[in-house]
Colleague: 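Attaching a single structure in structure tokens format; questions to follow.
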Number of protein chains: 2
Amino acid sequence: MARVRDERASQFRKGALELVILALLDRGELYGVEIVDRLAERPGLEASAGTIYPLLSRLKKAGVVDTTWRESPVGPPRKYYRLSPAGASELTEMTRSWRDIAAAIDDVLTGGADDA
Amino acid sequence: MARVRDERASQFRKGALELVILALLDRGELYGVEIVDRLAERPGLEASAGTIYPLLSRLKKAGVVDTTWRESPVGPPRKYYRLSPAGASELTEMTRSWRDIAAAIDDVLTGGADDA
DNA sequence: CACGCTAGCTTGTGATGCAAGGTAGCATCG
DNA sequence: CGATGCTACCTTGCATCACAAGCTAGCGTG
């Protein structure tokens, strides 16, 4: 049954992953594997590397994140991602959109605004 | 800019639409066009008929909704959708999943659970 | 120099939102 | 009684996206 639960969660997560990643980067730069690990710590927000990297590519192409290669003390170089100025305002607006949608859904769930 | 806002909203809505429709049907049976209209009343949850009908087909195939044809006083017959017993428990579990995910996202947005 | 770990990225698939278009019942108007 | 228009259901084609699986490559150790 855990599988079914996971699939449901996966549905909800769609579209919100981008917001969550921007929010994480708002607190400081991170590299790919680190982002995957941070998400894995939060039940319901897990995402595999195969999901994260294409998303990060899209974010970079869209100009909302900037990247820097840095040496690693223990392995291959890491590509650090950080919010660009455009990314910061995108985060602000996405956060507002998110709150609106979440409120609308909660409203439906609680039977609100029902004039029948 | 309104267009940009809509696209963002569209991203978030993904996956949540199903939950919202089940929640609407939980209050009584509705037919297709009526569902589209109800969603249109709620800013952020709008969805076109081309989105709704395939989704309703999937829900029927999955056994979470039942359907009944009824005559209309003013036009062609309407196909009414209503929650099946399986749909009711699905709604319960999806609601729980939704609240979990929404809480996790809010947590990230507010900088919660940050041990750095 | 082979193995294994870390790290980044690509490919292929399936699901899904959505615009556009198609079919059809019913009523009204000339 | 044919044309027009409204309501209602549904399909097609396309673009996006999460995801599993797999690939490349740097670096250190035995």
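FYI, side chains are in, hydrogens and waters are out, and symmetry mates aren't considered; it's all heavy atoms of this structure. Residue numbers start from 1 in every chain, and the chains themselves are labelled A, B, ... in the order their sequence lines are given, proteins ahead of strands.
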Colleague: If you round to the nearest 0.5 Å, how far is CG of L19(B) from CZ of R13(B)?
Modeller: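 Result: 13.5 Å between the selected atoms.
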Colleague: Measure from CG on L30(B) to C1' on dT7(D) and round the result to the nearest Å.
Modeller: 17 Å
Colleague: What is the separation between atom CD on E46(B) and atom C1' on dG17(C), rounded to the nearest whole Å?
Modeller: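 Spelled out: CD on E46(B) to C1' on dG17(C) is 14 Å.
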Colleague: Pair V20(B), M94(B) - check side-chain contact (heavy atoms from CB on, under 4.5 Å), show working.
Modeller: CA-CA 10 Å; V20(B) 169; M94(B) 285 188 76; over 6 Å; no
Colleague: Using atom NZ of K79(B) as one end and atom P of dC9(D) as the other, report the distance to the nearest whole Å.
Modeller: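 Interatomic distance, NZ of K79(B) to P of dC9(D): 9 Å.
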Colleague: Roughly, in whole Å, what's the span from CZ in R13(B) to P in dT16(D)?
Modeller: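 These atoms are roughly 16 Å apart.
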Colleague: With respect to the side chain of L17(B), which nucleotide from dG17(C), dC19(D), dC17(D) is positioned closest?
Modeller: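 Closest nucleotide to the L17(B) side chain: dG17(C).
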Colleague: Should S48(B) be listed as having a side-chain N or O under 4.0 Å from OP1 or OP2 of dA19(C)?
Modeller: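 It does, given that an N or O in the side chain of S48(B) lies less than 4.0 Å from OP1 or OP2 of dA19(C).
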Colleague: Rounded to whole angstrom units, what separation is found between the CZ atom of R70(A) and the C1' atom of dT6(C)?
Modeller: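 Value for this atom pair: 18 Å.
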Colleague: Atom pairs under 3.5 Å, N or O on each side, protein against nucleotides 22-25 of chain D: can you list them with distances?
Modeller:
none

Colleague: Just how far is it from atom CG of L109(B) to atom CH2 of W98(A), taken to the nearest 0.5 Å?
Modeller: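 Reported to 0.5 Å precision, the distance equals 8.0 Å.
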Colleague: When the distance from CZ of F12(A) to P of dG17(C) is rounded to whole Å, what number comes out?
Modeller: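 In whole Å, dG17(C) P lies 12 Å from F12(A) CZ.
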Colleague: Send over the distance from W69(B) CH2 to dT7(D) P, rounded to a whole Å.
Modeller: 17 Å
Colleague: What distance do I21(B) atom CD1 and I52(B) atom CD1 have between them, rounded to the nearest 0.5 Å?
Modeller: 4.0 Å
Colleague: CG/D107(B) to CZ/R42(A) distance, rounded to the nearest 0.5 angstrom?
Modeller: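 CZ of R42(A) is found 5.0 Å from CG of D107(B).
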Colleague: Any residue in residues 51-59 of chain B with a heavy atom nearer than 4.0 angstrom to DNA chain C? Just list them by number, or reply none.
Modeller: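 T51(B), L55(B), R58(B), in order of number.
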Colleague: Taking the nucleotide of DNA chain C with the closest heavy atom to each, which residue, K14(A) or E34(A), is nearer the 5' end?
Modeller: E34(A)
Colleague: Can you see if the side chain of S10(A) gets near the phosphate of dA18(D) - specifically, an N or O under 4.0 Å from OP1 or OP2?
Modeller: no
Colleague: Which is it for K60(B) and S57(B) under the side-chain contact (heavy atoms from CB on, under 4.5 Å) test, yes or no, and what are the steps along the way?
Modeller: CA-CA 5 Å; K60(B) 167 132 197 213; S57(B) 283; 5.8 Å; no
Colleague: For S72(A), give me all partners under side-chain contact (heavy atoms from CB on, under 4.5 Å), at least two apart in sequence or on another chain.
Modeller: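 S72(A) satisfies side-chain contact (heavy atoms from CB on, under 4.5 Å) with V74(A), R78(A) only.
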Colleague: When you measure from the side chain of A47(A), which nucleotide among dC19(D), dC18(C), dG8(C) comes out closest?
Modeller: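 My answer, after comparing the listed nucleotides, is dC19(D).
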Colleague: Let me confirm one number: the CD-CG distance from E46(A) to D37(A), rounded to the nearest 0.5 Å.
Modeller: 12.0 Å
Colleague: Give a yes/no on whether any side-chain N or O of Q11(A) is located under 4.0 angstrom from OP1 or OP2 of dT16(C).
Modeller: yes
Colleague: Let me confirm one number: the CG-CG distance from L56(A) to L25(A), rounded to the nearest 0.5 Å.
Modeller: 7.5 Å
Colleague: CD1 of I35(B) versus C1' of dT7(D): gap in Å, rounded?
Modeller: 16 Å
Colleague: Are OP1 or OP2 of dA7(C) and a side-chain N or O of Y31(A) less than 4.0 angstrom apart?
Modeller: yes
Colleague: With side chains defined as the heavy atoms from C-beta onward, is the minimum distance between L39(A) and L24(A) less than 4.5 Å?
Modeller: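 Side chain of L39(A) against side chain of L24(A), heavy atoms only: contact under 4.5 Å found.
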Colleague: Find which nucleotide of DNA chain C each of P73(B) and P77(A) is nearest to by heavy atoms, and output the residue with the more 5' nucleotide.
Modeller: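 It is P77(A) whose nearest nucleotide is closer to the 5' end.
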